[in-house]
Amino acid sequence: MTFAFMIVLGLIVLIPVLAIVIDSPLSEALARRIGNTDSGTNQSARIDALEEEVQYLTRAVEGIREETAFVRALVEGDEGLPALPGRDAGRPARNGGER
């Protein structure tokens with residue numbers, strides 16, 4: 001084998017391998033990382049938005065906890081909860097007492 005033949009053969013093998021590597025998700029992520037020249041202000045805005053989202057989610061989780069505690073108390077028949085008023089508590093029944 002001559003040296004020129006080995007170079008041609010190497011190029012024939014190298015071109016498809018480079019095409020596969022360049023088209024991979026890893027190379028796309030690397031290109032985005034290299035091309036990402038966000039300034040510090042953009043990153044601080046993203047951090048502020050994330051902090052607001054975390055606060056919103058914290059409030060939502062706390063609300064769900066309160067609702068769960070209330071439903072659990074209702075299911076368990078907790079005596080500490082106020083009773084619902086009956087029909088005769090000053091409100092007439094509609095449709096002649098039918099539902």
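Note that these values count all heavy atoms, side chains included, but never hydrogens, waters or copies made by symmetry.
The two residues Ser27 and Ser24 make their nearest non-hydrogen contact at OG-O, 2.8 Å.
Clustering of Ile, Leu, Val, Met, Phe, Trp and Tyr by side-chain heavy atoms under 4.5 Å joins Leu57 with Tyr56.
Connection of Leu11 to Phe3 is established within a shared hydrophobic cluster, with ILVMFWY side chains joined at heavy-atom distances below 4.5 Å, either directly or through further cluster members.
The number of heavy atoms from other shown groups lying within 6.0 Å of CG (Leu26) does not exceed 12.
Contact of the Glu28 side chain with the Asp23 side chain is registered, since non-hydrogen atoms from C-beta on lie closer than 4.5 Å. Residues Glu51 and Asp48 have side chains in contact (heavy-atom distance under 4.5 Å, counting atoms from C-beta outward).
Taking CG of Leu9 as the start and OG1 of Thr2 as the end, the distance is 10.5 Å to the nearest 0.5 Å.
Every residue meeting the salt bridge (Lys or Arg N to Asp or Glu O under 4.0 Å) condition with Glu62, not counting sequence neighbours, appears here in chain and number order: Arg65.
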